[in-house]
Amino acid sequence: MTAPSRVLALSGGVGGARLAWGLASVLPADKLTVAVNVGDDFEHLGLPICPDLDTVVYTLAGVVNREQGWGRADETWGTLEELRALGAESWFLLGDRDIAVHLLRRQLLSAGCSLSQATQTIAQQLGVATRVVPVTDAPLRTRVHTAGDGVLGFQDYFVRRRCAPALKSLEFEGASAAQPSPGVLEALADPALSGIIVCPSNPYLSVAPMLAVSGLRAALRAARVPVIAVSPIVGGQAIKGPTAKIMRELGVEPSAAVIAELYSDFVDCVIVDECDAAQVAGDPRFAVAHTVMRDDDGRSALARACLQCLEQLRTDGRRSSARQITSGITCG
Ligand code: FO1
C-alpha cells in the first residue's frame with residue numbers, strides 16, 4: 001500500500017466515532033481530519049452540549065464509556081444526583097467528568113473561541129492529536145417533525161422520548177446560512193487529500209445535517225478524490241440507534257442499497273457488510289468488508305478496508321455519476 005496521504009472522514013453518532021478510532025489507529029495524526037455532526041448539539045442546564053464531537057474526542061482519547069459509546073468511562077454522578085434533588089432537569093445523563101468538559105467549552109465559547117477552537121483545546125487536553133472539527137462553527141440544529149408530538153429538538157426526540165414519536169420529517173435549522181468549518185475547508189483544499197469517507201452513521205440523523213451545510217455536498221460532488229461510505233445498515237437492521245425505525249417511518253426499506261441511493265450524487269462506492277454480499281454481488285457501486293466493529297481490531301480492519309477501497313478507486317479512476325459528466329469516465 002502506498003504511503004497514506006490525507007483522509008477526511010465525516011462522522012456522527014457512536015458508529016462514526018468507532019470508525020474514526022479505527023482510522024486514527026492506522027493513519028498518522030496529521031493525515032486524518034474527522035469532521036463531526038453538530039446537529040445534535042443543544043444548550044442544557046446552561047451548558048453547550050456537543051454529543052457527537054465529545055463522542056469522537058472521548059473515543060479517540062480512549063476515555064469513552066465503551067458499552068454506551070458516549071459519555072465518559074469511570075464516571076461519577078454526584079452533580080446530576082444533586083441537580084435531581086434540586087428539582088432540575090435530569091433526563092439527559094451528564095456525569096461529573098462530562099460536565100467538566102461542558103463547563104470548559106462554555107468558558108472557551110464565552111471568551112470568544114469558535115467551536116472549532118474550543119474542540120481543538122479539549123481534544124489536545126485529552127491527548128488527542130487527530131484533527132477533530134465540527135462540520136461547521138455556525139449554529140446548526142436538527143429539528144424532528146413528528147406525527148402527533150409537534151416539532152422536537154433532537155435530544156428531546158432521541159433521549160427524552162427515546163425516538164418513540166413517529167418521525168415525519170427532519171429540518172436542519174441554520175444549515176443554509178452555515179459554512180463548512182475552517183478544518184473542513186482546509187482538508188478539502190489540501191493537495192495531499194486522497195479520499196473522503198462517510199462513516200457508518202445514521203444517514204438521516206447524523207449525515208444529512210452535515211450534508212445540509214452550505215456548499216458541503218457540492219464540494220463532495222466536485223472532489224477530485226474518491227468518496228466512499230460505510231453502510232450503517234447491516235442485514236436490514238441498524239447496528240446502533242433507530243435508523244431502521246426511522247427509515248420505515250420515512251417509507252424507506254432499510255437496506256444498504258438505500259444508502260447508495262441517498263448518497264448517489266457524490267459517493268463512488270458503498271462498503272457493505274459480508275452478510276449483505278449476495279444482495280450487492282456484481283454491482284460496482286458496492287464493496288464488501290466486515291463492517292460490524294466488535295472490538296479495536298475490527299475497527300482498524302474496517303479502516304484498512306476503507307483505505308484499500310479508496311486506493312482501488314484512485315487506481316480505477318472511478319468517479320460518481322455526477323462527476324462522470326465532468327470527467328467523462330464511465331463506471332464499469
Ligand atoms: N444518550 C442517551 O440515550 N441518554 C442520555 O442520557 C445521553 C446523555 C448524553 C450526554 C452527553 C453526550 O455527549 C451524549 C449523550 N447521549 C445520551 C448520547 C447522545 O444523545 C447521542 O450520542 C447522539 O446525540 C446521537 O448521535
Side-chain angles (χ1 to χ4, degrees), residues 9-21 34-61 63-81 83-84 88-106 115 118-119 122-123 126 128 132 134-135 140-144 152-165 167 170 172-173 198-212 230 232 238-246:
L10 302 180
S11 170
V14 172
R18 287 176 173 156
L19 178 54
W21 187 96
V34 184
V36 182
N37 174 38
V38 291
D40 298 3
D41 295 6
F42 74 137
E43 177 109 349
H44 185 61
L45 299 172
L47 296 173
I49 313 291
C50 302
D52 284 352
L53 279 168
D54 291 348
T55 294
V56 170
V57 169
Y58 291 168
T59 302
L60 292 183
V63 298
V64 75
N65 176 315
R66 285 183 75 100
E67 296 69 48
Q68 284 177 167
W70 51 266
R72 291 288 290 268
D74 308 323
E75 191 54 285
T76 54
W77 301 94
T79 306
L80 188 68
E81 282 158 19
L83 281 165
R84 194 171 283 136
E89 285 185 281
S90 57
W91 55 271
F92 195 72
L93 302 183
L94 291 171
D96 297 322
R97 292 179 189 278
D98 198 28
I99 288 171
V101 168
H102 306 313
L103 284 168
L104 175 58
R105 184 160 41 228
R106 170 80 289 149
L115 184 56
T119 304
I122 293 162
L126 285 170
V128 174
V132 179
V135 67
L140 173 62
R141 295 292 177 267
T142 298
R143 312 276 292 161
V144 181
L152 303 175
F154 180 80
Q155 297 301 340
D156 190 350
Y157 164 77
F158 191 79
V159 176
R160 192 176 205 168
R161 300 164 193 252
R162 303 202 179 289
C163 306
L167 186 148
L170 290 163
F172 307 122
E173 203 172 69
V198 181
C199 293
S201 308
N202 184 308
Y204 301 98
L205 301 185
S206 300
V207 179
M210 291 194 272
L211 297 177
V230 177
I239 293 294
K240 288 286 290 183
T243 303
K245 172 181 182 282
I246 287 163

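Order of appearance sets the numbers: ligands from 1, and atoms from 1 within every ligand.
Without hydrogens or angle criteria, D40 side chain to D52 main chain gives no donor-acceptor distance under 3.5 Å. Listed for the E75 side chain is a donor-acceptor partner under 3.5 Å among the backbone atoms of D98.
W70 approaches T55 most closely through the heavy-atom pair CB-OG1, 3.7 Å. Taking every heavy atom of both residues into account, V36 and M210 meet most closely at C-SD, 3.8 Å.
Close approach of ligand 1 to G13 is summarised as follows: ligand atoms under 4.0 Å from at least one heavy atom of the residue are 26 (O). The atoms of ligand 1 that sit less than 4.0 Å from any heavy atom of F154 are 24 (O).
Considering only non-hydrogen protein atoms, atom 20 (O) of ligand 1 sits nearest to Q155 OE1, 2.8 Å. Looking at atom 6 (O) of ligand 1, its nearest protein heavy atom turns out to be L93 N, 2.9 Å. Atom 7 (C) of ligand 1 has as its closest protein heavy atom W70 CH2, 3.4 Å. Of the protein's heavy atoms, D40 OD2, 3.3 Å lies nearest to atom 25 (C) of ligand 1. Distance from atom 11 (C) of ligand 1 to its nearest protein heavy atom, with residue and atom name: D98 OD2, 3.4 Å. In this structure, atom 13 (O) of ligand 1 lies nearest to the protein heavy atom P51 CA, 3.2 Å. If you check which protein heavy atom lies closest to atom 4 (N) of ligand 1, you get V159 CG1, 3.3 Å.
Taking the ring axis of F42 as reference, the NZ or CZ atom of R141 does not stay both within 45° of it and closer than 6.0 Å to the ring centre.
Side-chain atoms of W91 and E89 form a donor-acceptor pair, as typed in the model, at a separation below 3.5 Å.
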- Message: side-chain contact (heavy atoms from CB on, under 4.5 Å), that's the test. Do D54 and R105 meet it? Break it down for me.
- Response: CA-CA 11 Å; D54 291 348; R105 184 160 41 228; 2.8 Å; yes
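Residue nearest to atom 9 (C) of ligand 1, selected from F92, F158, F42: F92 (by heavy-atom distance).
Contacts with ligand 1 closer than 4.0 Å are made by side-chain heavy atoms of D52 only, the backbone lying farther away.
The shortest side-chain heavy-atom distance between D41 and P51 falls under the 4.5 Å cut-off.
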